[in-house]
Structure formats: C-alpha cells, structure tokens
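Order of listing sets the numbers, starting from 1, for every ligand and every atom in it.
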Amino acid sequence: MTGLPVLSLNPAIDATALAARYAADGRVQIHELLAPAGAQALYELLRSRDDWVQVVNSGEKLFELTRAARAAMTAEQRAQLDTAVYAGARSGFQLRYETIRVPDDATTRLASPDPLATLANWLSSDPVITLLRTVTGTTEIDFADAQATAFAPGDLLTGHDDAVAGKRRHAAYVLGLTPQWRAEWGGLLLFHDDHEVHGGYVPEFNTLNLFRVPMRHSVTEVTRAAAHRRYSVTGWLRSR
Ligand SMILES: O=C(O)CCC(=O)C(=O)O
Ligand SMILES: [Fe+2]
C-alpha cells in the first residue's frame, strides 16, 4: 500500500478567528489544512485505490456494491438502480457514493497499515485535535472517525442532519481532496431548509469544512460535466 509522507498541520492557521466564525455560524472552512505534500499524497492515494465500495440505500436498508459487483451488472440492472436512486431522491432520503471505511477503534486503527488510518490517527491526535476542539469550542471531542468518499456523476446525498443516537457526534468534517472543481459540476455541500439555502461550499483541495451536528445539509448530484470524481475524507468529531 502506498505510504504517506509525514503529515503536518499548516502552522499559519488562525484558530481564534476560525472559532469566532464557527461560534457565529455553526460552520467554517479551514483552508490549506495540511502541508502540501501530504494533501497531494492523499489525493494520489484515493485515485489509486481499487477497494472502493459503492453504498446506496433503498429506504432504511443500506446496500454495498464492490467494483467487481458493479462490473458484473447488466445495462438493464444499472438502469434499474438509477431509476431506484432517483425515485428515492424525489421525496425521501437517498444516498449513492463510493466509500473506503476506516475502523473507529483506536487500537485497530493504530495497528492498521492503511494510510487512511494514519490520516484518521493524525486528525485524532495533537496538534490537530486541539485545533478542532478550539475551533468548535468543544472540549469533549476525543477522536475523529473517518471514511474516504468519492462521488461520481449521478452520485448524491439528500438532506439529513448527521445526528445518530449513541454516536456522540459534535461536529462533522469534510476534507476536500479534489484538485480542481467547478460549482457547475454539482457535488456542492449545501446547508438549507425546505425554503432557503443558507450557504454552501464548492469542493476545494486541502480545505476542511467543519460544521455543527445537528445541522441540515446535503450534497447535490455530481453532473456528467465533472472531469473527475469528488474525493474527500469525511467523518465526525466524537466523544468515546
Ligand atoms: O461530502 C460532504 O460534503 C458531506 C458528507 C455528509 O454529509 C455525510 O457523509 O454525512
Ligand atoms: Fe452529513
């Protein structure tokens, strides 16, 4: 598995200013989180992985499709899946994207050779965890859970607020790892209710989006104009 260079936090980040913004809005962006070599290596890692699993729900049920399973699908089966996804997105909760999961358990994660586990450990230790506690004003944060995600054309995640009983999530984060993106390609992280869009973020390379749980948001469908997939590492800042 490709290794990562030593990950380091950008020393120029102004935690006080970010904390003021988060306190006011419940969300903030931290630009250039990592020293550039680390961010670039993470992007190359995500591009090179072949263990992506597509997750897609049908109502309350979650299904997982490996790359091999999708390659074996007929055109008709693909069309049926698309129809089901768009029917689900019409009025209910719907998701479809690819993921590579990282274990939550600290011991398992420390022993893992997966560079994504290394990133999750880095986010969960100093100096990063202290920065995230300061920005969110939440001293109870113990660790960051993590998964890599990739949204291809047709992938989406409809409105939800991330609150799950027992998970002890204080804030959500999304570390953007797509080098270049246009708002017109979709894949926008929007904060909204049924009437108004309060704001949103265009995917940006090496930018960490941080927002309070619960807060309603969605990821708009990635269009066919997207030149590549929308890569991120995402998760929640949690108490044990
Ligand atoms: O990828 C994003 O921008 C947000 C992901 C998200 O909302 C989630 O995984 O719950
Ligand atoms: Fe979410």
Side-chain angles (χ1 to χ4, degrees), residues 22 25-31 33 39 42-43 46-47 49 52-57 60 62-64 85 88-89 92-104 116 119-120 123 132 136 138 141 143-194 197-223 226 228-238:
Y22 187 92
D25 299 344
R27 57 185 167 86
V28 77
Q29 290 191 291
I30 308 179
H31 299 286
L33 182 79
L42 283 164
Y43 165 63
L46 296 186
R47 281 200 65 136
R49 295 282 286 244
W52 291 98
V53 173
Q54 189 181 64
V55 286
V56 49
N57 71 302
E60 300 275 291
L62 196 63
F63 294 91
E64 299 197 354
V85 165
F93 173 71
Q94 188 63 48
L95 62 80
R96 176 170 62 185
Y97 53 85
E98 283 183 295
T99 179
I100 302 173
R101 296 203 178 90
V102 176
D104 288 352
L116 291 174
L119 174 63
L123 291 166
L132 298 174
T136 59
T138 313
I141 292 169
F143 75 111
D145 67 13
Q147 63 171 331
T149 62
F151 283 69
D155 288 352
L156 51 82
L157 173 57
T158 63
H160 63 282
D161 69 8
D162 286 345
V164 177
K167 292 262 190 186
R168 298 161 155 252
R169 294 171 173 170
H170 300 287
Y173 74 87
V174 185
L175 174 61
L177 288 168
T178 312
Q180 147 244 21
W181 197 266
R182 297 185 78 193
E184 294 90 328
W185 294 355
L188 306 174
L189 171 58
L190 296 185
F191 301 91
H192 57 91
D193 54 40
D194 289 340
V197 175
H198 306 291
Y201 300 135
V202 178
E204 268 185 312
F205 188 65
N206 198 15
T207 289
L208 189 85
N209 299 331
L210 198 57
F211 52 100
R212 196 178 279 150
V213 175
M215 186 180 293
R216 192 159 182 80
H217 58 281
S218 60
V219 179
T220 66
E221 181 182 353
V222 172
T223 75
H228 35 248
R229 296 187 302 158
R230 172 197 193 264
Y231 291 106
S232 313
V233 172
T234 176
W236 292 276
L237 308 180
R238 293 166 55 186

Gap between atom CG of D162 and atom CZ of R169 - 0.5 Å precision: 5.5 Å
Minimum-distance protein heavy atom relative to atom 7 (O) of ligand 1: H217 NE2, 2.9 Å
Within 2.8 Å of the Fe ion (ligand 2), is there any N, O or S atom belonging to D162? yes
Check each heavy atom of D162 against ligand 1 and say whether those closer than 4.0 Å belong to the side chain, the backbone, both or neither. side chain
shortest atom 1 (O) of ligand 1-to-protein heavy-atom contact is with R230 NH1, 2.9 Å
Per-atom contacts of ligand 1 with V174, taking only distances under 4.0 Å to non-hydrogen atoms: 1 (O), 2 (C), 3 (O), 4 (C)
Out of the N/O/S atoms in H160, what is the name of the one closest to the Fe ion (ligand 2)? NE2
Any donor and acceptor pair, going by atom type alone, linking the side chain of Q94 with main-chain N or O of L157 inside 3.5 Å? no
Within a distance under 4.0 Å of any heavy atom of H160, pick out the atoms of ligand 1 and give their elements. 6 (C), 7 (O), 8 (C), 10 (O)
Proximity flag W236 to ligand 1, non-hydrogen atoms under 4.0 Å: yes
Whether R27 engages the ring of F191 as a cation-pi pair (distance to the six-membered ring centre under 6.0 angstrom, angle to the ring normal within 45°) should be assessed. yes
Considering heavy atoms of the protein only, find what lies nearest to atom 6 (C) of ligand 1 and give residue, atom and distance to 0.1 Å. L157 CD2, 3.3 Å
Rounded to the nearest 0.5 Å, how far does CG of D145 lie from CG of D104? 5.0 Å
Atom indices of ligand 1 within 4.0 angstrom of V219 heavy atoms, with elements: 1 (O), 2 (C), 3 (O), 4 (C)
Please give me the minimum heavy-atom distance between D155 and Q54, naming the atom from each residue. OD1-NE2, 4.1 Å
Can a cation-pi geometry be assigned to R168 and W236, taking NZ or CZ under 6.0 Å from the six-membered ring centre and within 45° of the ring axis? no
Distance-only, no hydrogens or angles: does the T178 side chain make a donor-acceptor pair with backbone N or O of Y231 under 3.5 Å? yes
